[in-house]
Number of protein chains: 2
Amino acid sequence: MANIKDIAKSAGVSVTTVSRVLNDHPYVRKEKREAVLRAIEEFNYQRNINAVHLSKGETFLVGVAIPYTDVPYFGLMLEGIANEAVKNNYKLVLFQTNYEETRELEALKMLQHKQIDALIICSRSCEWEVIDEYVQYGPIVLCEDARGKNVSSTFIDHYKCFFNALEYLHNKGHQKIGYCVGRKSGANSKQREKAYKDFLKKENLSFDPHYIFYDCNKFEDGVKVIEQLTRLQDPPTVLLVTSDIVAAGIITCCKEKDIAIPGDLSIMGFDNQPIAQMMHITTLEIPLVEIGRKLFRQSIGSRNPSHEEIMVKLIERQTI
Amino acid sequence: MANIKDIAKSAGVSVTTVSRVLNDHPYVRKEKREAVLRAIEEFNYQRNINAVHLSKGETFLVGVAIPYTDVPYFGLMLEGIANEAVKNNYKLVLFQTNYEETRELEALKMLQHKQIDALIICSRSCEWEVIDEYVQYGPIVLCEDARGKNVSSTFIDHYKCFFNALEYLHNKGHQKIGYCVGRKSGANSKQREKAYKDFLKKENLSFDPHYIFYDCNKFEDGVKVIEQLTRLQDPPTVLLVTSDIVAAGIITCCKEKDIAIPGDLSIMGFDNQPIAQMMHITTLEIPLVEIGRKLFRQSIGSRNPSHEEIMVKLIERQTI
DNA sequence: CTGTTAGCGCTTTCAC
DNA sequence: GTGAAAGCGCTAACAG
């Protein structure tokens, strides 16, 4: 493969000049620029990316730490990230964490060692203290409310969302409201729990820990929810399900067991994924692809942390 | 960050010696090796990966071209690839192609320009002639039968599979068999079409183009299938659906429309994804994660193309 | 505007 | 066994 020297020689200029046209610097006379361009064309020349990286100390690689690749929620976010990455000529390095802290740490370590320029964490597993140690090494961006922290974030105010949703359901006449989330320990789950408890207190409703269902990530997790729910003496009349996929699983399972929706049980989903439309699920629309795009932009944007709140929208359909 | 020189100085040896211990070369006296190791420890030294890459002419990056990130079929495969990548200290560069040829070409170009060491194409969009032009630049591995071509592959014999499945259904008494696939033009789809036609001929059954449903990738695609199917004068009595997710969508839709399964319509899925178990779908088990692992291993293995056929297994449940 | 040159950090040949 | 030194291909002061 031809290198910059070959091009320089062929175009009758110095390597610097070639480098200048390669990098769109000004101060290159038109004729020379054209000569260089011609030589590049002729040799089908392509920069050696590794040399560029070494020289610049940048990798044009952005890490993406994602819990699962086979969960559409993250898949959609990844799509947004990937879209924006190609647009900006960056490559993505994928870390599937399975919510294991050590896997996230690997990604953080790569940031430390300059093997990636920035890191996007789609759903954090590490403690904040751990993240804090690594912010000095490069931009870290999260998909959760990180205002006040030293990292960027694109986030949804899950407290507010949840509280509003709860009020909506309450106004519809529901007194016994349950909900399903992914990890119990996730930051979002904690915000939701707080909203839930605050809401209960405000409305003078009593708290029943059995009304909360954990580890709901995939379609098939709906089965467990219904199994647990049917075992309850006094089950909730509505479920706030933080993923349409899981909501769909729940609904499917209910049909099997002749539990009428919304007759016996109402369901409110999250995300407004295509499946929600198909199954007529009332849901909170979250623009996941757009969130992915924003996350990426923050990762390569200014060094100063920025924060952007994403608004959600209620889509009323037929499960409530 | 400390570099190799600092380590050399601190350990009282030359950079060469440091490099030797770094790369596990023999011919380093024990004491020196230990001194180096100690210095590395002390400085928390980490190799500059870009320098290594430049020097070696390798990137330790493997490209993965995947049509969609939010389709669990590919998500599962990606999981296997990602697993094996971390194990081997490689990083993945993700290309979401959306089945657009140009996106796949971008990946191929990166291979050409040594920006990645190898490329895994999970579902090909380009013609073989195009792929052929790029095999000279580095290993390309595909997830389709590529025996006889100059690339590696891990594949399923879709012709055989389909034929067997068809026979199974026929033995169960079905005469009107339809099927659903993703892209009409995909290599796998063509194999299946051939198997389908051959089977029909063998059994002296007539061919009805309306019995084939295309563009079935996601859960929500099930709706279209049922819409089309119900419009048919003489609809099939069983559907071979090449993705459990789609099968699940079809089943869900059928429930809504009071189409009994397997009474009115039988369904056979593909993959044995968790959703299949949950919905009791009779399906052909395909070890996607394992396929991903194998694909990755082939991508960094010997330069000689290798081919591995993956066997599938019928899982009988309640939809037939 | 343009070219010379000194790195970037590591690997590897070659001579000792 | 060991080290000096020549690259790998590109960028960016700096001098002109």
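Below, chains carry the letters A, B, ... as their sequence lines are ordered, and counting in each starts from 1.
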Can you measure Arg33(A) atom CZ to dG3(C) atom P for me and round it to whole angstrom units?
13 Å
Comparing nearest nucleotides in DNA chain D, the 5'-proximal residue of the pair Pro26(B), Ser55(B) is Pro26(B)
Does the base of dG3(D) carry an N or O that pairs as donor and acceptor with the side chain of Arg20(B) under 3.5 Å?
yes
Tell me whether the side-chain N/O atoms of Asn23(B) come closer than 4.0 Å to OP1 or OP2 in dT11(C).
yes
Can you tell me if the side-chain N/O atoms of Ser19(B) get under 4.0 Å from OP1 or OP2 in dC10(C)?
no
For the pair made of CD in Gln46(B) and C1' in dC8(C), what is the distance, rounded to whole Å?
18 Å
What integer distance in Å separates Ile7(B):CD1 from dT11(C):P?
13 Å
Ignoring hydrogens and angles, state whether a donor on the side chain of Gln96(A) or Thr69(A) is under 3.5 Å from an acceptor on the partner side chain.
yes
Check the distance between dA4(D)'s C1' and Lys5(B)'s NZ and give it to me in whole angstrom.
12 Å
Calculate the interatomic distance between His25(B) atom NE2 and dT12(C) atom C1'; express it in whole Å.
8 Å
Where Leu22(B) and Ile4(B) come nearest, the two heavy atoms and their spacing:
CD2-CD1, 4.2 Å
Length of the line joining Glu58(A):CD and dG9(C):C1', which is rounded to integer Å
17 Å
Identified side-chain hydrogen bond (donor to acceptor under 3.5 Å, both in side chains) counterpart of Thr154(A) within the set Glu308(A), Lys294(A), Gln298(A)
Gln298(A)
Closest to side chain of Thr17(A), choosing from dG9(D), dC10(C), dG3(C)
dG3(C)
Separation of dG9(C) atom P from Lys9(B) atom NZ, nearest Å, is 13 Å
Shortest non-hydrogen contact from Ser152(A) toward Ser306(A)
OG-N, 3.0 Å
If each of Asn50(B) and Thr16(B) is mapped to the nucleotide of DNA chain C with the nearest heavy atom, which maps nearer the 5' terminus, i.e. the 5' end?
Asn50(B)
Could you give the CD1-to-P distance, from Ile4(B) to dG9(C), as a whole number of Å?
11 Å
Counting just side-chain N and O atoms, does Tyr27(B) come under 4.0 Å of either OP1 or OP2 of dT12(C)?
no
By nearest-nucleotide position on DNA chain D, the 5'-leaning member of Leu54(A) and Lys32(B) is Lys32(B)
Backbone N or O of Thr59(B) within a donor-acceptor pair of the His53(B) side chain at under 3.5 Å?
yes
Which part of the nucleic acid, if any, lies within contact of Val18(A), taking any heavy atom under 4.0 Å across all strands shown: a base, the sugar-phosphate backbone alone, or nothing?
nothing
Within the pair Ser14(A) and dT2(C), is there a side-chain N or O less than 4.0 Å away from OP1 or OP2?
no
